[in-house]
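Structure first, commentary second.
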Amino acid sequence: MADYENYITRDTVGGASIAGFPGSVLEVDEPDVFALDILDAPNLATIQIKQLKTLKRPHLVLSNLPELAKVDLPPGHPGAIMHFNSEHAPKRFVIGGAVSEIDAAWGTIQARSESAPNHQHWSRIVCCPGHEQPPEPSGNGLVIVIGDMPQEHDQIALGSGNDWLLLNVGGLRHVQANTSGKVVLQQVPDLRTINGSGHGLALEVYEAPALKRISGTGERAIVYQKASISKELTIADNWKHARIHSKTLRSLNFPAGESLALHHCNKLQQVHLPLGMDVECFGALPAPLMASARFYFDESSLNTCMERFKNGETDQLSGILSILANAHEREQVVLSLQKIQELCELGVPPDLIWQTRRELAARHRENRGKSRGAKRPFNEAAMTKADLYWHWKFPNDLAPQGWEADLKIWQYCHPSVPAAADYADIVACTCCNEEAFEALLRLALNLQGSDDVYRLAIRCISEYLGKGDDYLLNRNRSQQRDPTLRIVRLLIGKRVTDDDQRTIITFLCNVLPLKTLVQSVPPIVHMCPGVFRGVLMALSRKPEGWFTQRIGTFPFYKQGNKINEYRQKLMQIALAPCFSEEEEEEDDIAASPDPGSTYSLFEGEA
């Protein structure tokens, strides 16, 4: 019987706990256990685990072992996961064997570290107080340093080949990191400078309020500063990537980097970055980054800036406009247009709104499609080219919202911005998208008090008619549902003129398939009988080629009869008498249409 048998409790799923063991040396041999807890052993100094369950990752909890100095793990297992907690920081200990992750709670210290995914598991973990010289592992290990440095020393050199974790180290002013692994510095209140000399060095710094400079060579640096004594930070020499979390940082110098991520750095006032650097901002957009780098902004951060602008922080406006002008990807552009429209409702000057919309359209047009990976330059020529088309590439499910938001932006800007007023011609001439045209009609119908969008819809219809029969035929074939209701509603209202009536009716009769035309038009002829009759008679006299393209596929010997049949139907509709409402009531004809009534044509979705 093993000497710990009276102190162990096993379960049925591979777990066990040893509590209150009185000795100083513990040897564990449990071939059926992979999760082992060793608890409350005040005298225990050495733990030797000879065997645990094979092919399972060891999971060890060490709790309240104040004298622990050594832990030996069994060979042949995946890297163990270690949990170590006690009321006070440990004196010195060594863990021998493969470890993949360790987390600790020692007094006021809470830390967690795991081996890098592209490296092997740590072969050894060494922990020692800050006033002692750490005995480094031979390589591929983790060295933990805890506690204050001695008064005569204020710097430490981190040897190569290992990862380092420095916790709650007071008096430390300079770190020389010679390793190419991972270095984590946590709660180092006096730290001023860090110098790296490893090409793959990954540096993480938490709660170092006095940190001023990171220099040398390294792969990436992550800095978290809740409160900072030093308001400036320099990342010099050959560091490639950086991520900074700081609400107090005011000046950043990163002249040779490749990428930068800023989290909640809203106090940043001065930056020195290389041109073209990729900068990601989360939570806040510092004003100096507007002209110095291309950046990406997430939706939550944009909403934060919008709320701050609504609450009176007018200095946020330039940042918001720059954000919206740069969010040009297909997945972002609808949100950008909607936010620009929201700024219109907040009374932002129309010239700023239209300039932002132009920049967004130019970037979207230049960098969309299959070759968008090769970003084209953004300049005035790109903006001028984008001004010649009314084209957007929206996600299918968000296209109606995108087109409608763009039209409302134009409606807000065109009375006072000449470029926006001239853009009405572009909208009318280049509106070749079915969803864009539907959005224009929908907006013209819903905004009864606004004549500008209505007139734009009429101009767009006129442009369609001027493009010839082939263009209208293609539009005819693209129809997914009967558009009669949407178009006829344009005839109802005080804004419509005689010319508008003729334009709308001519477009309706030309765009409808013949089968739909002879079914949908008869109930509405009474709305404008003279115009309808003239247009229908003109259609009945069209050449055979016009009918052939619209009647579908028929055998050649039936085609002539079908064409004559449609000619006769069009003439019958044109020549049929139109009954007034009084006559309909007298004759009690239920099938006759009543404008604005419950006739089935006017039921359903607009």
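If you're wondering where the values come from, they're calculated on a predicted model, not measured in any experiment.
- Crowding of K231 atom NZ: a count of heavy atoms from other residues, nucleotides or ligands under 6.0 Å exceeding 12.
- Here the options are I222, I144, L165, L203, the test is side-chain contact (heavy atoms from CB on, under 4.5 Å), and the partner is V184; only L165 passes.
- Under the 4.5 Å side-chain criterion, counting only non-hydrogen atoms from C-beta, I146 is in contact with P90.
- For Y423 and W354, the ring centers sit closer than 6.0 Å to each other.
- Across all their heavy atoms, Q176 and N178 have their closest contact at NE2-OD1, 2.9 Å.
- A side-chain donor from one of S63 and N85 sits under 3.5 Å from a side-chain acceptor of the other.
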Check against side chain to side chain contact (heavy atoms under 4.5 Å, CB included), L360 and V333: CA-CA 8 Å; L360 176 64; V333 70; 4.1 Å; yes
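- Atoms CG and CG, from L398 and L337 in turn, are 11.0 Å apart once rounded to the nearest 0.5 Å.
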Side chain to side chain contact (heavy atoms under 4.5 Å, CB included) evaluation trace for I320 with T356: CA-CA 10 Å; I320 292 172; T356 303; over 6 Å; no
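- In this structure a side-chain-to-backbone donor-acceptor pair under 3.5 Å is missing from T234 to A236.
- Within the 4.5 Å cutoff, no side-chain heavy atoms of Y224 are placed close to those of V205.
- Between E101 and R112 there is a salt bridge, with a side-chain nitrogen of the basic residue lying less than 4.0 Å from a carboxylate oxygen of the acidic one.
- Across A98 and L73, no two heavy atoms sit closer than the pair O-CD1, 3.6 Å.
- Here the closest heavy-atom approach between residue A242 and residue I235 is recorded as CB-CD1, 3.7 Å.
- The backbone N or O of E307 sits less than 3.5 Å from a side-chain atom of N311, completing a donor-acceptor pair.
- A salt bridge between R250 and E232 is absent, with no side-chain N of the basic residue lying under 4.0 Å from a carboxylate O of the acidic one.
- When atom types are taken as modelled, the side chain of S180 and the backbone of G198 share no donor-acceptor pair closer than 3.5 angstrom.
- Side chains of L142 and V126 form no contact here, defined as non-hydrogen atoms less than 4.5 Å apart.
- Surrounding CG of L55 are at most 12 heavy atoms belonging to other residues, nucleotides or ligands under 6.0 Å away.
- For the 3.5 Å distance criterion, the side chains of S100 and H121 fail to qualify, holding no donor opposite an acceptor.
- Atom CD1 of I95 and atom CD1 of I47 lie 9.0 Å apart (nearest 0.5 Å).
- R358 and E380 are joined by a salt bridge, as a carboxylate oxygen and a charged side-chain nitrogen come within less than 4.0 angstrom of each other.
- Taking both residues in full, the closest heavy atoms of A386 and R365 are given as CA-CD, 4.0 Å, listed atom of the first, atom of the second, then distance.
- Here the shortest heavy-atom pairing between F34 and V13 reads CE2-O, 3.4 Å.
- Residues E67 and K91 are paired through a salt bridge, judged by an N-O separation under 4.0 Å between the basic side chain and the carboxylate.
- R192 places a side-chain N or O within donor-acceptor distance of the main-chain N or O of D190, the cut-off being under 3.5 Å.
- Aromatic pair W392/H364: ring centres closer than 6.0 Å.
- Looking at T179, its side chain does come within 3.5 Å of a backbone N or O of N162 through a donor-acceptor pair.
- Rounding to the nearest 0.5 Å gives a distance of 5.5 Å between CG of L26 and CG of L44.
- Listed for the D72 side chain is no donor-acceptor partner under 3.5 Å among the backbone atoms of Q48.
- For W239 (side chain) and S215 (main-chain N/O), a donor-acceptor pair under 3.5 Å exists by modelled atom type.
- Within the 4.5 Å cutoff, the side chain of L252 has no heavy atoms near those of the H272 side chain.
- Within 6.0 Å of CD in E313 there are more than 12 heavy atoms belonging to other residues, nucleotides or ligands.
- In summary, the side chains of D163 and W122 do present a donor paired with an acceptor at a separation below 3.5 Å, with no hydrogens or angles considered.
- Here the CG-SG distance, from L317 to C305, works out to 11.0 Å after rounding to the nearest 0.5 Å.
- Within 6.0 Å of CZ in R220 there are 12 or fewer heavy atoms belonging to other residues, nucleotides or ligands.
- Relative orientation of the H245 and H263 rings is parallel, given thresholds of 30° and 60° on the angle between their planes.
- In this structure, N396 places its CG atom where only 12 or fewer heavy-atom neighbours from other residues, nucleotides or ligands lie under 6.0 Å away.
- Residues L185 and Y206 form no side-chain contact, since every pair of their non-hydrogen atoms from C-beta on lies 4.5 Å or further apart.
- For the atom pair CG of L211 and CD1 of I229, the computed distance is 11.0 Å after rounding to the nearest 0.5 Å.
- Environment of NZ in K310: crowded, with over 12 heavy atoms of neighbouring residues, nucleotides or ligands closer than 6.0 Å.
- A 4.5 Å side-chain heavy-atom check between I353 and I340 finds at least one atom pair inside the cut-off.
- Here the side chain of R57 pairs no donor or acceptor atom with the backbone of H77 at under 3.5 angstrom.
- Taking CG from D37 and CG from L62, the interatomic distance works out to 9.0 Å, rounded to the nearest 0.5 Å.
- Remark: the backbone N or O of A420 is paired with a side-chain donor or acceptor of W410 at under 3.5 angstrom.
- Here the two rings, on W390 and W403, have centers that are under 6.0 Å apart.
- Residues V183 and A177 approach most closely at CG2-CB, 4.3 Å, considering heavy atoms.
- Ring centroid separation for the pair H59 and H83 comes in under the 6.0 Å cut-off.
- A salt bridge does not link D315 to R308: none of the charged nitrogens lies less than 4.0 Å from a carboxylate oxygen.
- Side-chain contact between N64 and E87 is present, with heavy atoms from C-beta onward closer than 4.5 Å.
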CA sep, side-chain torsions, deciding dist, call: E258, H241, side chain to side chain contact (heavy atoms under 4.5 Å, CB included): CA-CA 6 Å; E258 297 180 3; H241 313 286; 3.5 Å; yes
Residue pair H199, T217: steps toward the side chain to side chain donor-acceptor pair (under 3.5 Å) verdict: CA-CA 6 Å; H199 289 279; T217 300; 5.2 Å; no
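- Proximity of L443 to E404: side-chain heavy atoms (C-beta onward) are separated by under 4.5 Å at one or more points.
- Taking the ring centre of F394 as origin, the terminal cationic atom of R330 falls outside the region bounded by 6.0 Å and 45° from the ring axis.
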Side chain to side chain contact (heavy atoms under 4.5 Å, CB included) assessment of V169 paired with L191: CA-CA 9 Å; V169 183; L191 183 65; over 6 Å; no
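- Side-chain atoms of Q225 come within 3.5 Å of backbone atoms of A208 as a donor-acceptor pair (strictly under, hydrogens ignored).
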